[in-house]
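Following: one structure in structure tokens, then a few remarks.
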Number of protein chains: 2
Amino acid sequence: MTINDVAQAAGVSVSTVSKVVNARYGVAPSTMERVLQVIAELGYETSLVASSLRSSRTNIIGILVAEFEPFALELLNGISATLRGTQYDLMAYAGNLAPGGRAGWEHRSLSRLGGTLIDGAIIVTPTVEIPHSSVPVIAIDPHAGTSGPAAIDVDNFGGAKTATEHLISLGHRRIGHIKGRSDLKSAHLRESGYRQALQDAGISYDPQLVHDGDYQRDLAAIAATDLLTLPQPPTAIFAANDLSALSAIETAKSLGLNVPNDLSVIGFDDIPEAAQSKPTLSTVRQPMHEMGATAVTLLLSMLAGEEVTQPAQMPASLIPRESTATAPQP
Amino acid sequence: MTINDVAQAAGVSVSTVSKVVNARYGVAPSTMERVLQVIAELGYETSLVASSLRSSRTNIIGILVAEFEPFALELLNGISATLRGTQYDLMAYAGNLAPGGRAGWEHRSLSRLGGTLIDGAIIVTPTVEIPHSSVPVIAIDPHAGTSGPAAIDVDNFGGAKTATEHLISLGHRRIGHIKGRSDLKSAHLRESGYRQALQDAGISYDPQLVHDGDYQRDLAAIAATDLLTLPQPPTAIFAANDLSALSAIETAKSLGLNVPNDLSVIGFDDIPEAAQSKPTLSTVRQPMHEMGATAVTLLLSMLAGEEVTQPAQMPASLIPRESTATAPQP
DNA sequence: CTGAAAGCGCTAACAC
DNA sequence: GTGTTAGCGCTTTCAG
């Protein structure tokens, strides 16, 4: 089913069909009607690939992710809702699923889709500097880099501080931290927030209590094990994201510890799983829908020709649930 | 950054560059090295659009949805995880966001992406018959149509029956039902399951207690209002999906009713929001991750040339939470 | 081993 | 009002 088939069936040239499909002027009403009829009969739809190769607008916004994990999916939810009723369709691309192709998915995806397939892009959690691109780009939860496109993130520092203060207010003094990915800005800010809260409370920082979790389940489990098998284990853990926190709870359970009675755990993000775990996970909420919505709004104004460079920061809020409780009495 | 730029910079022809990029035989090692070097320097990536127009394989699997709502997103989660480590990337396309373009998004998206951009497609909740396509297609939660591609769904009948029986076991006798979209097979099966459970319990079917909710928030709210303002209102409602159930709870609250003391509500799907509402929603769980995983497995074997036509049905399971309770004593 | 050239489906000048 | 034609960036014969 190509434009050629339609042209042939309608007895006109391909350019006439193209004009009809794209509602261009200069087609006789009778011709138009006939072509439309043939299109309907044949069920013809213009190929996105071919037309985007030739023309510059596609009316498609691309969301570029490494893979579809809970954070990206929640963002997608907000983005989709915000785009509803606009002229744009949404294409989400996970470009880091194939084995081996680890690094640089941001650049690869942007180069492969940008300029032709998509009119603009929202890149989720890029781990490297975003290259100059031929289309407008917004980054969510960006890399530690200095320059780069307009970016959106949550108040990572303030959120982490709040989480740690929550633990402190429950009477905890030995508070461990499972760090995030060191190539992400958010991980550093969250660690800083943790340290600031300790300092404000007059608790001295103990490097033994901080381990690397890389925002991942497996590494967080190792970090949690290391933390909990210390001669003097912490009574509470602030994990840099919910995935790590959930993993830490699992680990604690397997070590025979009760959460929250023996150990309090708090995460960061408020992914859907946080509310469904047992015990439900106390955490700091990133307003993911709003972040997605803001990204879209910014991108649309860039698409409309406006200059947008200043970063947007969203507030983080404490969501106390069951996994945190008063510190055990020694 | 096109293949021409690379060719020029490396002092070779475009076809040589293409051979290097695609690891074809017949390039001298020295040439290859030089080209590779230039590619790295320039940060060139082959354009997905151009290459997919010319060659038939793209190693991309497409997920076609009307929009990114909770059900589709959960599916995406399972699909993404299953595809990890395979040679395929994932492209999810929401083709029904633009206003006006309501009907036939399935066909439109499939025609526009199929054959060129994607090697195979998974269509989520299609509302019309899926046309014969140039690429392998799997449907999840399919349309009521008779023919069509290989399909995956949950045991809608059994799940609805279980939900209704749960209500009956709590002592409810007047049980309302908010129906789903009549153009979806799942809606009909869920209504049948509801009626079967009533019949098995010797409760006669009252058409007054069944209203249309179309799987949507707004229409479900109207249906709930109608139900609850009946002279003899039901003491329990089985809503055809969680979105409707959540909406019914809102409505009940606004009418001054307490859920679950005055009214029990149970949904279907177990979307993430179900566990986070107040009260938390009792529901019947669709194993969405598993459904996504199964879809991928089936599609991959079709891509490998195998014939797959038989539908797969997944089990539904009751998840009792706070929104259902013993029937109020008259 | 390398390059010239055709063509994938479509759009946009430009002729007629 | 309509058709012819030249590419968009790439892959793939097919000569050299």
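Lettering of chains follows the sequences in order, A, B, ..., and the numbering in each one begins at 1. All values derive from a computational prediction rather than experimental measurement.
- With hydrogens and angles ignored, the 3.5 Å screen pairs a side-chain donor or acceptor of Ser51(B) with a backbone N or O of Ser47(B).
- Inter-residue side-chain proximity for Tyr93(B) and Ile60(A) is flagged as met; some heavy-atom pair is nearer than 4.5 Å.
- In the 5' to 3' direction, nucleotides of DNA chain C lying under 4.0 Å from heavy atoms of chain A begin and end at dG9(C) to dA12(C).
- Checked against side-chain hydrogen bond (donor to acceptor under 3.5 Å, both in side chains), Gln216(B) has the following partners two or more places apart in sequence or in another chain: Asp214(B).
- Looking at residues two or more places apart in sequence or on another chain, you find a salt bridge (Lys or Arg N to Asp or Glu O under 4.0 Å) between Glu67(A) and Arg84(B).
- Spacing between atom CG of Leu117(B) and atom C1' of dC10(D) amounts to 14 Å, rounded to whole angstrom units.
- For DNA chain C, the neighbouring residues in residues 32-60 of chain B, judged by any heavy atom under 4.0 Å, are Leu53(B), Arg54(B).
- Along DNA chain C, the nucleotide nearest Tyr25(B) and the nucleotide nearest Thr116(B) are compared for position; the residue whose nucleotide lies closer to the 5' end is Tyr25(B).
- When each of Asn4(B) and Gly26(A) is assigned the nucleotide of DNA chain D with its nearest heavy atom, Gly26(A) is the one assigned upstream, toward the 5' end.
- At least one side-chain heavy atom of Ile138(A) sits under 4.5 Å from a side-chain heavy atom of Met302(A).
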### Pair assignment for DNA chain D - dot-bracket with | for other-strand partners, Watson-Crick or G-U under 3.5 Å
||||||||||||||||
Side-chain donor/acceptor pairs under 3.5 Å, residues 71-81 of chain A, sequence neighbours excluded:
{"residue": "Glu74(A)", "atom": "OE1", "partner": "His289(A)", "partner atom": "NE2", "Å": "3.1"}
{"residue": "Ser80(A)", "atom": "OG", "partner": "Phe68(B)", "partner atom": "N", "Å": "3.2"}

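- Residues meeting the side-chain contact (heavy atoms from CB on, under 4.5 Å) test with Gln8(A), sequence neighbours left out: none.
- Partners of Asp89(B) according to the salt bridge (Lys or Arg N to Asp or Glu O under 4.0 Å) rule, which considers only residues two or more places apart in sequence or in another chain, do not exist here.
- Asp119(A) meets the salt bridge (Lys or Arg N to Asp or Glu O under 4.0 Å) test with Arg57(A); sequence neighbours excluded.
- Contact check of residues 8-23 of chain A against DNA chain C (heavy atom, cut-off under 4.0 Å) returns Ser15(A), Ser18(A), Asn22(A).
- The side-chain contact (heavy atoms from CB on, under 4.5 Å) search around Leu117(B) returns Val49(A), Met91(A), Leu117(A), Leu48(B), Ser52(B), Met91(B), Leu113(B), not counting sequence neighbours.
- Atom CZ in Arg24(B) sits about 16 Å away from atom C1' in dC14(D), given to the nearest Å.
- Contact check for Leu300(B) versus Ile61(B): side-chain heavy atoms found under the 4.5 Å cut-off.
- Closest approach of Glu106(A) to Val128(A), counting heavy atoms only: OE1-CG2, 3.3 Å.
- With sequence neighbours left out, Ser13(A) forms a side-chain hydrogen bond (donor to acceptor under 3.5 Å, both in side chains) with Ser15(A), Thr16(A).
- Atom P of nucleotide dT4(D) and atom CD1 of Ile3(A) are separated by 14 Å, given to the nearest angstrom.
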